[in-house]
Amino acid sequence: MKKKAAAVIMAAFLLFIPSGCSGSGKDKNNESTGTGQSTDSQTAQDGTQAENTNDISSISQDEIASTEDNEFYAANASSADITNLYVAVSGSGDWGSNLLSSPLAKNTKVKLSLGELKEGESYDICTVDADGTTVEYYSFDMKATVQVTFYDNAECDVTTI
């Protein structure tokens, strides 16, 4: 409900606030990991995939208004399908269950729902693509995040309210 009210207020000022983030790519056979940071300016699943659009990185006011505090859109702007997507409390060491009921195809997005979010916690995201490449992204405010768009080279954009 807070997201809907914030979306209406923000609509008067701007359509969305994108920010960049980068992750740490890790091939499934490579043991090294690194860190990526999301920047502020920035799940049970419903399994609904949005229509294939020319610019999936954009998010409409209707999409923003339709998300609850524990929901966000995952958009795949990379060159490979995303087969697994995990969200966990930062530093928990346990990714939990895959949030995708089916692979997230290139140039599509899906609305995902997380369980109860802990107040004041930051969250990390892990993706695995069809090529087996694992990328971890760190420090998201999932209550404020309405869309994360994933690109090649362990990059992403975060839209928050």
Side-chain angles (χ1 to χ4, degrees), residues 1-27 34-88 98-114 117 122-161:
M1 194 55 136
K2 290 191 282 183
K3 284 188 180 183
K4 289 181 183 180
V8 171
I9 293 168
M10 287 185 52
F13 297 104
L14 37 125
L15 179 60
F16 64 93
I17 303 171
S19 68
C21 65
S22 63
S24 191
K26 179 173 83 170
D27 189 284
T35 62
Q37 293 291 323
S38 65
T39 57
D40 286 333
S41 170
Q42 54 174 209
T43 316
Q45 54 204 65
D46 76 2
T48 307
Q49 263 189 329
E51 285 185 29
N52 187 356
T53 63
N54 289 336
D55 187 11
I56 62 164
S57 63
S58 295
I59 186 163
S60 71
Q61 286 300 316
D62 289 340
E63 288 172 319
I64 292 170
S66 75
T67 60
E68 298 296 327
D69 284 348
N70 68 335
E71 295 177 322
F72 73 101
Y73 285 90
N76 184 3
S78 71
S79 59
D81 292 354
I82 296 173
T83 57
N84 297 63
L85 191 146
Y86 306 93
V87 176
N98 179 13
L99 297 178
L100 299 175
S101 58
S102 60
L104 181 56
K106 297 175 276 191
N107 298 315
T108 61
K109 64 176 152 180
V110 63
K111 185 178 185 180
L112 299 174
S113 179
L114 302 168
L117 296 174
S122 65
Y123 290 81
D124 299 338
I125 298 174
C126 177
T127 61
V128 181
D129 70 22
D131 298 328
T133 302
T134 299
V135 181
E136 297 177 4
Y137 305 89
Y138 299 97
S139 300
F140 292 89
D141 177 356
M142 294 309 293
K143 281 194 169 200
T145 299
V146 291
Q147 180 165 304
V148 181
T149 304
F150 300 99
Y151 300 95
D152 291 324
N153 301 318
E155 295 182 11
C156 72
D157 282 331
V158 180
T159 304
T160 62
I161 57 170

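Counting begins at 1 with the first residue of the sequence.
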Asks: So, using side chain to side chain donor-acceptor pair (under 3.5 Å) as the criterion, who are the partners of D81 when residues are at least two apart?
Replies: none
Asks: Partners of Y151 by side chain to side chain donor-acceptor pair (under 3.5 Å), sequence neighbours excluded?
Replies: D157
Asks: Side chain of T145, backbone of D141: donor and acceptor closer than 3.5 Å?
Replies: yes
Asks: Looking at side-chain heavy atoms only, is the closest gap between T159 and T149 below 4.5 Å?
Replies: no
Asks: Hey, could you give me the CD/OG distance between Q147 and S60, rounded to the nearest 0.5 Å?
Replies: 9.5 Å
Asks: Is N76 reaching over with its side chain to a backbone N or O of A80, donor-acceptor style, under 3.5 angstrom?
Replies: yes
Asks: Working to the nearest 0.5 angstrom, can you tell me the gap between T83 OG1 and D131 CG?
Replies: 9.5 Å
Asks: Who pairs with T127 by side chain to side chain contact (heavy atoms under 4.5 Å, CB included), at least two apart in sequence or on another chain?
Replies: I82, L85, I125, V135, Y137, F150
Asks: As an exercise, state the distance from CD1 of I59 to OG1 of T67, rounded to the nearest 0.5 Å.
Replies: 6.5 Å
Asks: Nearest 0.5 Å please: distance from the CD atom of E71 over to the CD atom of E63.
Replies: 12.0 Å
Asks: Which distance, rounded to the nearest 0.5 Å, do you find between the OG of S78 and the CD of E155?
Replies: 11.5 Å
Asks: Using side chain to side chain donor-acceptor pair (under 3.5 Å) as the criterion, list what pairs up with D124, not counting sequence neighbours.
Replies: S90
Asks: Once side chain to side chain donor-acceptor pair (under 3.5 Å) is applied, do any residues pair with S79, and if so which ones, sequence neighbours excluded?
Replies: D152
Asks: Can you tell me how far the CG atom of L112 sits from the CG atom of N70, to the nearest 0.5 Å?
Replies: 11.0 Å
Asks: Which heavy atom in S122 sits nearest to a heavy atom in S139, and how many Å separate them?
Replies: CB-CA, 4.1 Å
Asks: Find out whether Y86 and N98 are in side-chain contact, i.e. whether some heavy atom of one side chain is under 4.5 Å from a heavy atom of the other.
Replies: yes
Asks: Which pair of heavy atoms, one from F72 and one from M142, lies closest together, and at what distance?
Replies: CD2-CE, 3.5 Å
